[in-house]
Amino acid sequence: MSNNLRDASLYERIYAVAGQIPPGKVSTYGQIAAIVGGGCTAREVGYAMAALKEDDTTTPWQRVINAKGEISPRGGAGAMMQRVLLEREGVSFDEQGRVDFDQVGWDGPLWAWLDRHNFKPAPSLRHKGPDEGEQLSLF
DNA sequence: GTGATGACGATAT
DNA sequence: TATATCGCCATCA
């Protein structure tokens, strides 16, 4: 794909944002959609993840979960593998199989990264991070 | 071109 | 808090 994502397909942009989630952190379908913008909804993000090959290692699909903090029920083995991958990164689940967003929730990419890749999220999401410069405020 | 589908989300009950 | 319903919009048949 091109370095400049302005002309990239919707899926490519979704994968690019998802790829910014650091190990040990998780994001939600709605968050990714809000960052990508431009007619992207949570459903599209989920659809994009479903389109990935299961053995894909270039996109951290396992770090994208639903807004309830649960791994999306996609039928059996895949969901369990996703949980194992996250636990390997240090993400803990409670008795109900949920994660704590206060603990492992992703704060979003740096604004400089968004600008460099021509993403245009709502300006209201913009704020000053503690030591990491400007970033999004998604929580 | 048209309708069905879906790794979702917000709201109502 | 746990279901039920409806809205959402890019793909696909």
Side-chain angles (χ1 to χ4, degrees):
Chain A
M1 70 170 151
S2 64
N3 183 33
N4 189 324
L5 295 172
R6 179 183 5 171
D7 297 326
S9 73
L10 180 61
Y11 282 14
E12 285 176 335
R13 289 163 52 187
I14 291 171
Y15 299 146
V17 173
Q20 292 301 300
I21 308 173
K25 294 288 184 180
V26 300
S27 187
T28 69
Y29 300 98
Q31 266 188 356
I32 303 294
I35 295 169
V36 172
C40 180
T41 68
R43 280 189 103 79
E44 318 315 323
V45 177
Y47 204 72
M49 293 299 140
L52 285 172
K53 300 195 167 35
E54 289 195 6
D55 59 350
D56 189 300
T57 55
T58 64
T59 301
W61 55 270
Q62 72 273 21
R63 297 176 198 142
V64 183
I65 61 179
N66 64 29
K68 296 189 293 260
E70 298 175 318
I71 293 174
S72 295
R74 144 180 63 119
M80 200 172 77
M81 179 175 74
Q82 181 172 5
R83 173 164 176 163
V84 170
L85 287 171
L86 288 176
E87 288 178 330
R88 185 184 302 171
E89 296 179 353
V91 177
S92 57
F93 293 80
D94 61 16
E95 299 81 1
Q96 300 179 354
R98 292 177 178 176
V99 303
D100 181 5
F101 282 124
D102 290 330
Q103 181 184 350
V104 298
W106 184 41
D107 289 328
L110 296 177
W111 194 271
W113 184 91
L114 294 170
D115 194 53
R116 187 160 63 86
H117 292 268
N118 289 101
F119 282 103
K120 307 294 184 188
S124 60
L125 295 176
R126 189 175 190 156
H127 86 131
K128 277 283 188 185
D131 296 321
E132 306 176 26
E134 286 185 297
Q135 61 183 58
L136 294 181
S137 177
L138 296 171
F139 281 97

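Bear in mind that the values here come from a model prediction, so they are computed numbers and not experimental data. Chain identifiers are assigned alphabetically (A, B, ...) following the order of the sequence lines, protein sequences preceding nucleic acid strands; residue numbering begins at 1 within each chain.
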What is the distance, rounded to the nearest whole Å, between atom [atom1] of [X] and atom [atom2] of [N]?
| X | N | atom1 | atom2 | result |
| --- | --- | --- | --- | --- |
| A:Y15 | B:dA7 | OH | C1' | 11 Å |
| A:N66 | C:dA2 | CG | P | 13 Å |
| A:L52 | B:dG6 | CG | P | 18 Å |
| A:Q31 | B:dA7 | CD | P | 20 Å |
| A:E70 | C:dT3 | CD | C1' | 13 Å |

Applied to residues 58-67 of chain A, the salt bridge (Lys or Arg N to Asp or Glu O under 4.0 Å) test, sequence neighbours excluded, yields A:R63-A:E89
Does a side-chain N or O from A:R83 land closer than 4.0 Å to OP1 or OP2 of B:dA7, or not?
no
By side-chain contact (heavy atoms from CB on, under 4.5 Å), A:A50 pairs with (sequence neighbours left out) none
Contacts of [X] that satisfy side-chain hydrogen bond (donor to acceptor under 3.5 Å, both in side chains) - sequence neighbours left out:
| X | result |
| --- | --- |
| A:E87 | A:R83 |
| A:T41 | A:E44 |
| A:Y15 | none |

A:Q62 and side chain to side chain contact (heavy atoms under 4.5 Å, CB included): which single residue from A:V26, A:L85, A:I21 fits?
A:L85
Counting the atoms with a prime plus P, OP1 and OP2 as sugar-phosphate, which does A:R63 contact under 4.0 Å by heavy atoms, base, sugar-phosphate, or nothing?
nothing
Using a cut-off of 4.0 Å on non-hydrogen atoms, how would the nucleic acid contact of A:A67 be classed: base, sugar-phosphate, or nothing?
sugar-phosphate
Anything under 3.5 Å between a protein N or O and an N or O of nucleotides 8-13 of chain C, put it in a table, one pair a line.
unit_1	atom_1	unit_2	atom_2	d
C:dC9	O4'	A:E44	OE2	3.4
C:dC9	O2	A:E44	OE2	2.9
C:dA10	OP1	A:G39	O	3.4
C:dA10	O4'	A:E44	OE1	2.9

